[in-house]
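Input: a single structure, listed below in structure tokens.
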Amino acid sequence: MGMAAGQARLLSITSRMSDNELRAQIINNNKMRLATQSSQVSEAYVTALNEAQMMFTNYDKDNNTSYQRLTYNALTSYNPYNNQYIVTNASGNVLLLEADAVNYKNANGDVKKFLQSYGLEYTTTYFDNLVSHVENGGIPFKTGAIDAEGKEILGYIYAPNKNGNNIDSKDVVKYIQDLYEGNLDETYGNDNKKLHPGYMNTLSSEDYYNYNKLLSDYTVKKDAYLGTIAQLMSEKLEAMQFGGKNLSALLASIDSVNDNDMNTMTGIMNSVGEIIKTAGNYKLSESSAYFTNLSDLLNNNKGNTITTTHTPSNVDGDKVELTKDSLGSLIFKNNDITITFPILGNATATFEKDDGSTQTITGVKQTDGSFKFISQDENGENQEDIYKVPEEYFNIGFNVPDNWEIEQTSQNNLENMKNVTKGVIKSLRSSIYSVWDPNNSDFKPTNSSDFGYNEYGAYKSAAKALAEQIFGSSNSIGEENYADLDNIDWVQEKLKDDYTTKDENGNIIEYVKRDSSGNIISTKAADFQKIYDAYLLDCIMDTYGEPKYAWVSNGAPKNPRNELTDSSYNENGDAKAQWYQNLFERIQKGGYKVLQDGLASSPEWMQFAFESGIITMEQVDANKNWKPLIYSNCSDITEQTNDAAIAKAEAEYKAAMNKIENKDKRYDLELKNIDTEHNSLQVEYDSIKAAIDKNIERTFKLYS
């Protein structure tokens, strides 16, 4: 009976498990139908999204984005923060608005005029700032030269006096600006566009290139040749001697002079002076003063007593006064001290110096009627200054006249004589290259075995080539003038003298030379004028810096296209100029076709034209080159659906998906419950089946 009950229970469990499996299968089928429903809902939503409009992305300076319907105007309008695009037809022509086409046509191939039509101006404040530097009627510039007093020598650029009018600071600066930009008009002279083409045009000219190339070669060869001259000069100087001693021997003997041996030191200084006279035979004409100054320096510092006579108003820069008091004492006064000398005896005075220290000075009346003042110099050593005054000044009742004179006597010391002589020798050795004439025949090699012969030949060849470039013939100047070919001011004056036609007053009429029949002989002065202008402008720029030009936008572009109007977009003139220059160069390359303004503002036409392949687009890359681009691959072109349709489709989609998701969750819960029940039945099934199997086994054992 127990076995039968277990079998019945086992059959009941099996039936329930089969029922659960059937229910699970039905639920899974329902979940599959939910997936189909979800796909259908998604398809409806996607269909709504596919009904989209093409949109174009704009950017601002902070990289914020905004969107507008894609039209020709939206795609191609200037915005310094957008990528630059153009639209082309099948023939590669750029599609332009009617106004843009007019601007391009009016520019007549001049990109500057094309940019100006969009409110752009290429300008600089450099010349406005230059006005403040005008002095003496011109613009000064640094030459690098120093005068005899050690002051810098300045050069000047002056403006021609147009029509005899007065020239003010602005006229001078305007002339320099016109010279730089090549805008000189006929009021400045004859054929100015050719004479003064502008700085940048000159730098790119063939004449400028050839001149600088030959000048560079000439400079190298000249330096090499002058190096040989420098050595010959040095050797020539060291070979000079007096009394059997050259400069080196005289210099060595200076330190061996015994203390207070003024005579020996004076002899050495005399010998150095004689060598200076010999060296002066090789001087340049303008360096005569140099040798005179060296000789005077030696003579004024030799070991003799030097007496100088002063007026009362000029004793070492001080005003000296002599008066008498009622007792007949003589009163000596200058800016620093006052000393009263009695009729007999000496006088001492202490005074305060500029540095706050005190100094004592003693005056001694001498029998010859002179005064000896004993004091200490800045090194603490005694020094004597003797002021000779007529003895009758000390007589009672004798008035001191206003026109009296002072004799100041001093004697050089030995150490000073040595130092002066050494300084003279050092100066002579270091200065011969600037004060001796390099064209002196003693410095020119004549035979192939002479030192510097090869360098001299190379220098002459380079100078000849440069002279031919400048003057048209090397015969125009003699070999003695070869050394001046790198002096551009000398060259300019030489050309004006030899290659220009002048009136009876010496004024230049033309920068050409004509024969008796009026035929032009040479235009070399005109060819060189632009090079000289560039040199002067280089001097100005070396002194004040280079002009920095920039494109400045003075307002909205002069066309009716629908461009961004935010004033901040006009701040960056260079970006705007680059934008329109890119467009200009692309038109130059592929031509253009006019697009009607109505089509340019139509988003429907734009989308149709792109999708049907009527038009294509190009984009400027980082190297300012135009590259083809498929509109669907353009990151700035996006699609956007109708907002109302999208909102409705989205709402329906979300509602349907919520229902599907709720059903799906319920089905998952039911499946979970079925699975739990199934697992429980499976455990019970396994337990009952195991009990039945054991009963059967015991029964067989009982009856076996």
Side-chain angles (χ1 to χ4, degrees), residues 146 148-150 230-310 314-317 372 374-388 406-437 440 442-443:
I146 304 297
E149 298 179 356
Q231 182 171 339
L232 290 173
M233 286 180 175
S234 179
E235 292 174 354
K236 179 69 68 176
L237 178 64
E238 294 304 321
M240 295 178 183
Q241 54 180 284
F242 184 80
K245 291 185 177 181
N246 61 10
L247 287 179
S248 296
L250 291 170
L251 186 62
S253 63
I254 290 177
D255 291 330
S256 63
V257 176
N258 296 326
D259 292 342
N260 300 320
D261 190 353
M262 294 289 189
N263 292 333
T264 300
M265 191 61 226
T266 299
I268 294 174
M269 297 174 79
N270 289 334
S271 297
V272 173
E274 293 299 324
I275 292 178
I276 290 175
K277 290 180 182 179
T278 304
N281 295 329
Y282 293 92
K283 66 179 180 296
L284 290 166
S285 58
E286 62 270 19
S287 62
S288 296
Y290 172 80
F291 292 96
T292 300
N293 291 337
L294 286 186
S295 297
D296 290 345
L297 189 61
L298 285 175
N299 292 331
N300 291 336
N301 288 276
K302 290 178 182 178
N304 55 326
T305 299
I306 301 172
T307 301
T308 55
T309 301
H310 303 277
N314 184 21
V315 181
D316 293 336
K372 178 187 291 186
I374 303 174
S375 61
Q376 289 185 331
D377 62 17
E378 59 185 9
N379 297 319
E381 297 180 0
N382 285 342
Q383 63 179 15
E384 295 183 359
D385 292 321
I386 299 175
Y387 297 85
K388 289 188 176 180
I406 303 172
E407 288 186 0
Q408 185 177 11
T409 304
S410 62
Q411 181 169 317
N412 293 313
N413 61 58
L414 182 63
E415 190 63 28
N416 181 64
M417 295 170 65
K418 291 182 177 181
N419 291 335
V420 168
T421 307
K422 290 178 180 179
V424 167
I425 294 175
K426 180 179 179 181
S427 176
L428 186 60
R429 282 175 165 174
S430 62
S431 301
I432 54 173
Y433 317 112
S434 57
V435 299
W436 275 9
D437 182 7
N440 191 290
D442 284 358
F443 305 133

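No experiment lies behind these values; they were computed from the predicted model shown.
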Any chance you could measure L298, atom CG, to I268, atom CD1, to the nearest 0.5 Å? 11.5 Å

Closest contact, heavy atoms only, S427 versus Y290: OG-OH, 2.8 Å

Separation of S256 OG from N258 CG (nearest 0.5 Å): 7.5 Å

To the closest 0.5 Å, what do you measure between CD (E286) and OG (S434)? 10.0 Å

Are T266 and M417 packed together at the side-chain level, in the sense that at least one heavy-atom pair is separated by less than 4.5 angstrom? yes

Heavy-atom pair with the smallest gap, counting every atom of N301 and N416: OD1-ND2, 3.0 Å

Which residue is it: I276, V272, N299? I am looking for the one with a side chain to side chain contact (heavy atoms under 4.5 Å, CB included) to L294. I276

Show your working on side-chain contact (heavy atoms from CB on, under 4.5 Å) between T421 and M265 and close with a plain yes or no. CA-CA 9 Å; T421 307; M265 191 61 226; 3.4 Å; yes

Could you list the residues that satisfy side-chain contact (heavy atoms from CB on, under 4.5 Å) with T292, not counting sequence neighbours? D296

Look at the rings of Y282 and W436 and say which category their plane angle falls in: under 30° parallel, 30 to 60° tilted, over 60° perpendicular. tilted

Does any non-hydrogen side-chain atom of M240 lie less than 4.5 Å from one of E274? no

Just by modelled atom types, is the L428 backbone N or O under 3.5 Å from a matching donor or acceptor in the S431 side chain? no

Closest contact, heavy atoms only, I254 versus K418: O-CE, 3.4 Å

Is the shortest heavy-atom distance from the side chain of N270 to the side chain of K302 under 4.5 Å? yes

To the nearest 0.5 Å, what is the distance between CG (N440) and CG (N281)? 9.5 Å

As a quick check of understanding, evaluate side-chain contact (heavy atoms from CB on, under 4.5 Å) for L251 and R429, giving each step before the final call. CA-CA 12 Å; L251 186 62; R429 282 175 165 174; 3.8 Å; yes

For Y433 and S234, the nearest pair of non-hydrogen atoms, with its separation, is OH-CB, 4.0 Å

Tell me, yes or no, whether the heavy-atom count around K245 atom NZ, taken from other residues, nucleotides or ligands under 6.0 Å, exceeds 12. no

Does the D261 side chain pair with the main chain of T264, one donor and one acceptor, at a distance under 3.5 Å? yes

Considering non-hydrogen atoms only, spot the tightest contact between S287 and V435 and give its length. OG-O, 2.8 Å

Heavy-atom closest pair (A279 atom, L237 atom, distance to 0.1 Å) is CB-CD1, 4.4 Å

